[in-house]
2 protein chains.
Amino acid sequence: MGRLSELFDPASVGVLGATDREGAVGRAIVENLRADFDGDIVPINPSREEVLGLECYADVTTAPQIDLAVVVVPPPAVLETVRELAVAGIENVIVITAGFAETGDEGAERERELAEIAAEYDLNVVGPNSLGVISTDAGMNATFAPENARQGSISFLSQSGAFITAVLEWANEQGIGFRNVVSLGNKTVLDETDFVREWGHDPETDVGIGYLESIDDGRTFMDAAGEVTAETPIVLVKSGRTDAGAQAASSHTGAIAGSERAYEAALEQAGVIRATSVQELFDYARALSGLTEPESDGVAVVTNAGGPGVLTTDAVGDSRLEMATFTDETIGKLTEVLPDESNVYNPIDAVGDADADRLGDALEIAVSDPNVGSAAVVAAPTAVLQYDVLSETIIEKRETSGKPIVTSLMGGQSARAAEEVLREFGIPNYFDPSRAVAGLDALARYRDVRSRTVDDPERFDVDRERAREILSRAARRGDNRLGVESMELLEAYGIPTPAGEIVDDPDRARAMAESISGDVVVKVVSPDISHKSDIGGVKVGVTDEQVCDAYEDVVSRARTYQPDATILGVQIQEKLDLEGSTETIVGMSRDPQFGPLVLFGLGGIFVEILEDTSVRVAPVDEGAARQMIEEIRATPLFRGARGRESADIEAISETIQRLSQLATDFPAILELDVNPLVAGADGVRAIDLRLTVDTEEL
Amino acid sequence: MGRLSELFDPASVGVLGATDREGAVGRAIVENLRADFDGDIVPINPSREEVLGLECYADVTTAPQIDLAVVVVPPPAVLETVRELAVAGIENVIVITAGFAETGDEGAERERELAEIAAEYDLNVVGPNSLGVISTDAGMNATFAPENARQGSISFLSQSGAFITAVLEWANEQGIGFRNVVSLGNKTVLDETDFVREWGHDPETDVGIGYLESIDDGRTFMDAAGEVTAETPIVLVKSGRTDAGAQAASSHTGAIAGSERAYEAALEQAGVIRATSVQELFDYARALSGLTEPESDGVAVVTNAGGPGVLTTDAVGDSRLEMATFTDETIGKLTEVLPDESNVYNPIDAVGDADADRLGDALEIAVSDPNVGSAAVVAAPTAVLQYDVLSETIIEKRETSGKPIVTSLMGGQSARAAEEVLREFGIPNYFDPSRAVAGLDALARYRDVRSRTVDDPERFDVDRERAREILSRAARRGDNRLGVESMELLEAYGIPTPAGEIVDDPDRARAMAESISGDVVVKVVSPDISHKSDIGGVKVGVTDEQVCDAYEDVVSRARTYQPDATILGVQIQEKLDLEGSTETIVGMSRDPQFGPLVLFGLGGIFVEILEDTSVRVAPVDEGAARQMIEEIRATPLFRGARGRESADIEAISETIQRLSQLATDFPAILELDVNPLVAGADGVRAIDLRLTVDTEEL
């Protein structure tokens, strides 16, 4: 498949199924194309001689050359039509026609065939079940949407055609312009990954935005998006975040939704900024399309309105940004130019009788402060403040300072003209000051995306063969759920475990206990019992003398709890000095879209109750592993809070990375939990292990 | 002070300082009054004979009768003017003039005098430093705002005049109407509490909204708001939520900001719905002013737009509401009326070619379902959907069903006319579907406020005299920070403590240990050392034989750590069986605005690290105490998660209530922490105690 530029800039567009019947989609598309398109429009329909005054051709073989075909023929005719196009050498096809996988088995079969034809002829196919494609630069509106898009630098894709029609009219009123708009439809051939890649190739796309309900090949998408976001910001609404939403999305698209946590981690790792509503999507996009990123997090707020100034400050407090602390020089200058009743500290309140000049002076002083990375001008309409003069001033200060400035010139009609002028110079105006701050926040988030470095994950020297042997042994036994008896697996990957062994009679237990200095832990080993301590299957602090009784006791409790449970033996384990150490969990699960998802969190009973965990899509490099440790709420526990010794962060980080390597090396491991992984000042120890394997894969 | 109705419905308004000088505030007010006011407008200014064609009087004694005076004279003349008004028997005064406490010491003195005059003559004074008051029913715009308000049923107060001017023009464009608008200014006499009370007296106020930076007498406000919210919803933006915001608010108003947690708890307890932005404030207000509360939480979503339907579902998932599960009957009926490709489960997707009738049929079936408490209609503009017809249908279905319906008819101009019709019938339209859901959510929150019962807190039978004696003893010693040596205080209030005593020599320690069955805990007692376990000042599990050594050790560690620390002795305490129990904290602190604030949370080191706590303004009744236990994230720990025994919730709840009673009984207690309070299946025990007292108060 080649690049998609011809899809957006064809010299001629054919419409297969063009008609002039009122209300027909085949008419709407010809009408929309006629409105602005400079190239040739070629209606094709064997039963028409003319469509809306344009000559109509019977089929593609008799028609003039076309670069892009829009297919609106009835569902049963789609496959034949596409094949004819392919044979005629046409590579770019938009299938508008619905009635494919979204309608049941017959449609799904038709869609599979469409995919085959596309593969055979190496076609770029958008759809089927697509609203179409708009390319504003080419003046091409190849959709049946009731509105066209304004020209701009935002590239927009959507898995829902209705999402596009829902926002276009509104966006036009808001003056939001697009580079192109793509309705993905059923994504049989071209999907989000292809268009995201195209954003990276297109210097005229300032920001790429999208609405998605599923991401089909998660790993490929992550790689593509990760490359693009190094140069071009991406903002996505990925719906189906909640259980109810995921269910709705899956019944809407028929796609299997991956887990929300996987999407969250994957999008974050790919540098994608996520929005949760239409409004957020465009609030972020407007800032990202017009402004550069702030170099530092300090925000200056300049206002004529005390209350809204305080609200703006709260919004900054809620964001990743912070209110800038002005230098003495700045304070001195502000004191000079502002009246006595003003506040010269941040937020700068130039009070209610401020005119555009006074606000402009304050803004100039503020953005000259080295502690200020960005600014928000927040204003209420007054008799003395002229918004048009103010907006000219803001544009000038932004250009001379090079720092991003957003505005919240509140009001209605009185702000409209100023808003338009500001927009032309890339400055977004928001009615609500907290949304203006959200715009700045998006810029700072993108700056962080851009400046980060992703290291190649370290490949640790591990005993992969031994690990394979342990897993294969289990597979031969037919076990798909493994437990502490497989601790060797962790040892093979260099994850520390306590001294000890699994034994199958009390005497051996005694011998084992004697070989370990100090008291031991006695634990029944059974793949069928998950929470062994809950049923009394674990004894802690057992002396050499007590070990035989303890052995009998844990076995008998397991038998009472579940008579048919397989008991693989009893583990006699070194009792660790847990004083001052913390129980953590490291684990992994396999996501259908993104592959192994590595998890770290507070362990023991807290993992389930507090759900204080962080996740990453594997492979996890050192920087990511350290972030995972820092992200959880309980992270101060590892940094020596309240007189405790600091935990060995290095050892935790390495364990996360080694587990990531294990998960990546063995696709057969579906789920794995080390819980608890005890983390103390002198390293970590994996105390318990559970994993589920796909025995077919081994 | 009488009711405030005359302030909102005067027969005549005098303007002290009226002028026709261009740009003067005294002119703007006369102009604004002239626009709509039916009553008499009486300009008063000794240097004018006429103002804007109205006869002007030299002073209030020569002027005709006025019911309400608006004062715009220069700052130095305000006090004399107000006194003259008072002498002339005028009770209602709005002081527009600024230059009071907000400008420094001189202004603050002037403001104190204003308060004295008002008290002497029992005046209703709004301001000073107020934008004025609008009463739309009376056609009275007694402000200098550039815009008037539309008529409506929302009563609006604001501590910031700029907040009012910032929203009025926008609100007019949005068709949002107000019952009245009050700019509180410096709140010298009338404050938020007075106007909130007035909302309760006014049957025409459907919802009261406000922007506040401080609440002056927190307790009184809570009582007033609590009464009002039983009948009329209140939505407030209280800014200064964040540290930066609180600082900005305090420099803006000069008011001492109370703690955010106290505000949060107090507003919640008073039934006030809190908004954090301008947009949220009005999103909530629009729903609350036009719709009744849903009887149940199930939401039906009806749409012609798949993607926006999924987004709406996500928003419902994020809210306190849930997607309704339709009955079989509903599914059957929907299947009958909708085409095959539709989704008849919730969200109902009537697909892209749905017209108003089809959506109306689906809506009617949905709102007839007993599992549906409310509905959202979400639509994208299409060629076949007429928004005006759809809105008529929605209005009809809402009336016949009696259930609240919100809409998100997306688009721009095409939605405008429909929006206006819907608004007339109380149905708010939101461009963003997630905001429509926020509107429904506000309705459900208000339903919960309305349906809750607040019990009188139980008065436990306690030994108040003994508690007073313990505190007084400390006061005589000059101690303001007390510790475990004062555990008797808890005993006096019926809060269980472990067996034990504080001793001051090793032999007594031994004797005490022998009198307690089992091992003991040995703890140094010093008001100067906060975290005793961090310095080795606590030994757990000490046998009778070890107790003398432990005694010497904890004392010597304390001396090493802080040589000048006062050591009150060593506590020998029963060692509790902590297996299966949870360390919690109960505590209180005294907030300047709201009084004692009671806290409950996960104790031990977790309280500081995870900050998993809940708070209430005292007194705390049983229902509130139980909510406090349920609110923390770790609450499953008390309900027997993971095979643990359930904790004695009753005992925890009683301890919270008893502590609330102690805090209410003794204003001298400034802060008190019981940490840990160990909670197990067989009750609770207070293990450690710290408190700070105001010795002057004792």
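Everything numeric in this text was worked out from a predicted model, so none of it was measured. Here is how names work: the chains are called A, B, and so on, in the same order as the sequence lines, proteins then strands, and each is numbered from 1.
For B/Val384, no part lies near chain A; criterion is any non-hydrogen pair under 4.5 Å. Residue B/Thr276 touches chain A through its backbone alone, counting heavy-atom pairs closer than 4.5 Å. Residue B/Phe163 touches chain A through both its backbone and its side chain, counting heavy-atom pairs closer than 4.5 Å. Of the atoms belonging to B/Asp318, heavy atoms from both backbone and side chain fall under 4.5 Å from chain A. When heavy atoms are compared at a cutoff of 4.5 Å, B/Asp612 approaches chain A solely by way of its side chain, counted from C-beta outward. Proximity to chain B (any heavy atom under 4.5 Å) is restricted, for A/Val237, to the side chain, taken from C-beta onward. Interface remark: B/Ser434 contributes side-chain atoms only to the contact with chain A (heavy atom separation under 4.5 Å). Looking at A/Pro146, the atoms closer than 4.5 Å to chain B (heavy atoms on both sides) all sit in the side chain, from C-beta outward. In this structure, no portion of B/Arg639 lies under 4.5 Å from any heavy atom of chain A. Proximity to chain B is absent for every atom of A/Gln174, based on heavy atoms less than 4.5 angstrom apart.
Between the side chain of B/Ser160 and the backbone N or O of A/Gly307, at least one donor-acceptor pair lies under 3.5 Å. A side-chain donor-acceptor contact under 3.5 Å links B/Glu169 to the backbone of A/Ser414. B/Asp314 places no side-chain N or O within 3.5 Å of a backbone atom of A/Ser239 that could act as its donor or acceptor partner.
More than 12 heavy atoms of other residues, nucleotides or ligands shown are found within 6.0 angstrom of CG on A/Asn172. Counting non-hydrogen atoms of neighbouring residues, nucleotides and ligands closer than 6.0 angstrom, the CD atom of A/Glu106 reaches no more than 12 such neighbours.
Chosen from A/Ala162, A/Gly412, A/Gly99, the residue pairing most often with chain B at heavy-atom distances under 4.5 Å is A/Gly412. Of the listed residues (B/Ala383, B/Ala171, B/Ala379, B/Pro381), the one with the most heavy-atom contacts under 4.5 Å to chain A is B/Pro381. Among B/Gln279, B/Arg435, B/Glu280, B/Met323, the residue making the largest number of heavy-atom pairs under 4.5 Å with chain A is B/Gln279. Among B/Thr313, B/Ile535, B/Ile632, the residue with the largest count of heavy-atom pairs under 4.5 Å with chain A is B/Thr313. Chain A forms the most heavy-atom pairs under 4.5 Å with one residue out of B/Gly317, B/Pro636, B/Gly411, B/Ala415, and that residue is B/Gly411. When each of B/Ala98, B/Ala380, B/Gly352, B/Ala166 is scored by its heavy-atom pairs under 4.5 Å with chain A, the top score falls to B/Ala166. Comparing A/Arg241, A/Glu147, A/Met410 by how many heavy-atom pairs each has under 4.5 Å with chain B, the most go to A/Arg241.
Within the 4.5 Å cutoff, no side-chain heavy atoms of B/Asp432 are placed close to those of A/Phe282. When side chains are defined from C-beta on, B/Gln413 counts as touching A/Glu173, because their heavy atoms get closer than 4.5 Å. Between A/Val278 and B/Pro433, some side-chain heavy-atom pair lies under the 4.5 Å cut-off.
Taking OG1 from A/Thr103 and CD from B/Glu341, the interatomic distance works out to 8.5 Å, rounded to the nearest 0.5 Å.
The shortest non-hydrogen separation linking A/Gly240 to B/Val310 is N-CG1, 3.9 Å.
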